[in-house]
Structures are given as structure tokens and as C-alpha cells.
Amino acid sequence: MQQKGNIQIIEWEDLDKRKFYSFGIFMTMAIRVTVYPATLIRTRLQVQKGKSLYSGTFDAFFKILRAEGVRGLYRGFMVNTFTIVSGQAYITTYELVRKYVSQYSEANTVKSVVAGGSASLVAQSITVPIDVVSQQLMMQGQGEHLTRFRLGSNSENKKPARFFRQTRNIVSQIFAADGCRGFYKGYVASLLTYIPNSAVWWPFYHFYAEQLSILAPSDCPHLVLQAMAGPLAAATASTVTNPMDVVRARVQVEGRTSVIQTFRELIREEGCWGLTKGLSARIISSAPTAIVIVVGYETLKKLSLRPELVDSRHW
């Protein structure tokens with residue numbers, strides 16, 4: 001087990017893989033349920049022109065709740081749950097690449113940057129088609145005028161099999177309009193957003209955890225320090241990558257083909273402030289999300305330790 005200052009890092013070879021994947025599915029689903037409303041709000045804020053629909057994160061939350069109810073905050077959620085596959089692919093890639101890079105460098109920052117970027121590349125290749133469909137569903141309701149695709153009236157009136165009918169409706173419209181390529185709208189923008197985000201998040205997470213361990217009492221549980229480091233790393237990564245995230249959302253929802261053109265139009269129409277759209281929602285969602293992810297992930301690794309290593313970790 002690697003020792004980084006006062007924080008011990010559980011590496012891939014320390015884990016019982018059967019336990020790791022079994023517990024990981026439940027952890028991923030719990031995280032999805034917790035953070036999905038903030039993801040929906042962020043998407044609507046990023047796609048709207050100026051403040052045509054919502055004035056901010058909390059305004060959006062209360063307007064959606066009043067007009068569409070709790071179900072409105074979970075539009076497209078069932079489709080989005082398929083990203084569990086990409087979540088498992090992400091953590092597997094991250095841990096395996098860390099192990100591979102450690103053969104050439106013991107620097108934790110190097111391992112985190114390379115592994116984080118590689119994991120995001122693999123995950124986004126699976127996630128983008130799911131995101132394209134779920135984001136179109138997110139925009140239905142108050143935001144439907146901002147998207148190219150709208151649900152037919154039959155989907156709304158017949159509640160039985162509503163989820164499957166709506167999803168099939170949107171998938172059919174995307175395929176009819178753009179073919180198979182339509183499901184990878186914004187793929188390049190997603191890579192330009194999430195690879196840097198992941199590559200920034202992991203090294204800053206370990207950096208903040210290490211700095212906090214120096215300041216904290218020696219008997220302070222590592223999980224507490226890691227739970228504090230997660231939101232700090234998430235806020236840093238969100239701020240750095242938010243401009244590209246705005247462009248990605250618009251490319252996917254509006255069906256644009258050019259990342260550069262979308263970026264230029266955003267600057268021309270809304271100025272540099274347009275690049276900060278949805279940032280507060282992103283930080284608000286990423287901070288608690290980071291706590292849940294960090295506590296869940298570190299607990300998952302602790303529970304998945306090989307039996308002979310269970311007592312070797314300060315917790």
C-alpha cells in the first residue's frame with residue numbers, strides 16, 4: 001500500500017475485485033439519484049439564451065418544482081442510469097492505468113493526471129450517446145422550446161409505459177434527423193470538457209488531502225480529510241473546465257456540428273460571462289457530489305480490501 005505523506009492510498013492490487021464491483025454498482029446508483037436534479041438544472045441553465053427562462057440555480061429549482069413537480073427534476077433519469085456501465089468502466093480504467101504508470105513513475109501527480117484523463121476518455125465514449133438522449137428528455141417541460149426535438153402529445157397523455165414511449169420518441173427523432181452520428185453530437189466537446197476535468201480533479205484531490213493531513217491532528221480520520229478534499233478539487237476542476245462544458249451542452253442539445261462556431265457565437269451573444277453559465281449549479285452539485293463520491297469510493301475500496309490488509313489502513 002502506497003504511503004503519500006500521512007494519507008495512505010489503496011491501490012488496485014490491494015483490492016478484492018469481486019467485492020469491488022458488487023459494491024460499486026450500488027454506490028454509483030446512489031450517487032446518480034442524489035445529484036441528478038442538479039445536473040438537469042445545470043443543463044437547462046447552460047442551454048437557455050441569457051436569462052430567458054431562469055435567473056439562476058435556485059430560481060430554476062423552484063420554478064421546475066412548482067411547474068413540473070419532483071418528477072420534473074428527474075426527467076430523463078431512467079435513460080441516464082445506463083451510465084452505470086460507463087461509471088464502472090471509468091473506475092476500472094483509472095485504477096489499471098495508475099498501476100501501469102507506476103511502472104514508469106512513482107509520482108502520484110503523474111499517475112493521477114494520466115489515469116484520470118484515460119478513464120474519462122473511455123467513459124465518455126460510452127456516456128455521450130446516453131447523454132444526448134437524456135439531455136433531450138431533460139429539456140422537455142419548461143425548456144422544450146430550447147431543443148430541436150419535442151415529445152408527441154400521445155406520449156404525454158398515455159401514462160402507461162410513459163418512459164419507454166418518450167425515450168423511443170426522442171431516439172427516433174434523433175436518428176431521423178442526424179442518423180447514427182446524431183448520438184455522438186458533442187463527442188469532441190465532451191472529451192475537451194471531461195478529460196481535462198478528470199485530469200485536474202484527481203491530482204488536486206490528492207494534493208488537498210495531503211495538505212489537510214499536514215494541518216489536521218494526527219489522529220484525525222483519513223476519511224474526513226478526503227471528504228473535505230473532494231469538494232475543493234471539484235470546485236477547482238469545475239471552474240477550469242466550465243467554459244467547455246457550456247459549449248458541450250449547447251452542441252448536444254441544439255444539434256450543432258462545430259465546437260469552435262458554438263464557442264464564437266456564445267462569446268458574441270453573451271460575452272465572456274456566457275462562459276460561466278451554470279457554474280454555480282455545477283459547483284453546488286459537484287461539492288456534495290464530490291463528498292458522496294469520495295466517501296463512497298474510499299469506503300468501497302476499504303470494504304474491498306483483501307482480508308490480510310483490512311487492519312493496515314488508518315481510517
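Positions are given from 1 along the sequence.
With rounding to the nearest 0.5 angstrom, the CZ atom of Arg248 is 6.0 Å from the OG1 atom of Thr193. Here the CG atom belonging to Leu15 is positioned 12.0 Å from the NZ atom belonging to Lys302, to the nearest 0.5 angstrom. With rounding to the nearest 0.5 Å, the separation of OG in Ser120 from CG in Leu191 is 7.5 Å. Note that the CZ atom of Phe20 and the CD atom of Glu95 stand 5.5 Å from one another [nearest 0.5 Å]. From Leu300, atom CG reaches atom CD1 of Ile293 across 12.5 Å, with rounding to the nearest 0.5 Å.
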Problem - Criterion salt bridge (Lys or Arg N to Asp or Glu O under 4.0 Å) on Arg306 and Glu11, from CA distance to verdict - result: CA-CA 11 Å; Arg306 289 188 285 114; Glu11 299 289 5; over 6 Å; no
Exercise for the section: Evaluate the criterion salt bridge (Lys or Arg N to Asp or Glu O under 4.0 Å) for residue pair Arg181 and Asp178; output intermediate values, then yes/no. Expected result: CA-CA 6 Å; Arg181 293 181 62 183; Asp178 303 313; over 6 Å; no
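Between Arg98 and His206, the shortest heavy-atom contact is NH1-NE2, 3.9 Å. The two residues Gly274 and Val246 make their nearest non-hydrogen contact at O-CG1, 3.9 Å. The minimum heavy-atom distance between Arg44 and Arg75, with the atom names listed, is NH2-CD, 3.6 Å. Of all non-hydrogen atoms in Glu13 and Lys17, the two that sit nearest each other are CA-NZ, 4.4 Å. Across all non-hydrogen atoms, the minimal contact from Gly116 to Trp202 is CA-CD1, 3.8 Å. Across all their heavy atoms, Ile41 and Ala60 have their closest contact at CG2-CB, 3.8 Å.
Both the sub-6.0 Å distance and the 45° axial angle are not jointly satisfied by Lys301 relative to the ring of Trp12.
Between the side chains of Ser280 and Arg42, no donor N or O sits under 3.5 Å from an acceptor N or O. Side-chain atoms of Ser125 and Tyr187 form a donor-acceptor pair, as typed in the model, at a separation below 3.5 Å. For the residue pair Thr127 / Ser86, a side-chain donor-acceptor distance below 3.5 Å is found, with atom types taken as modelled. Looking at Thr81 and Arg32, their side chains never bring a donor and an acceptor atom within 3.5 Å of each other.
Looking at heavy atoms from C-beta onward, Gln261 lies out of side-chain contact with Arg264 at the 4.5 angstrom threshold. Using a 4.5 Å cut-off on side-chain heavy atoms (C-beta onward), Gln46 and Asn242 make contact. Annotation: side chain of Ile170 is in contact with side chain of Gln140 (closest heavy-atom distance under 4.5 Å).
Each of Leu45 and Leu279 belongs to its own hydrophobic cluster when Ile, Leu, Val, Met, Phe, Trp and Tyr are linked at side-chain heavy-atom distances under 4.5 angstrom. Under a hydrophobic clustering in which Ile, Leu, Val, Met, Phe, Trp and Tyr are joined whenever their side-chain heavy atoms come within less than 4.5 Å, directly or via other members, Tyr54 and Phe61 fall into the same cluster. One hydrophobic cluster, built from ILVMFWY side chains closer than 4.5 Å, holds both Phe263 and Val188. Linking ILVMFWY residues whenever their side-chain heavy atoms come closer than 4.5 Å, directly or via other members, leaves Leu275 and Val240 in distinct clusters. At a threshold of 4.5 Å between side-chain heavy atoms, the hydrophobic network of Ile, Leu, Val, Met, Phe, Trp and Tyr places Val294 and Tyr90 in one connected group.
Ring to ring, Phe62 and Phe58 are not that close: their centroids are 6.0 angstrom or more apart.
Paired with Val97 under the rule side chain to side chain contact (heavy atoms under 4.5 Å, CB included), one option of Ser102, Ser118, Ser112 passes, and it is Ser118.
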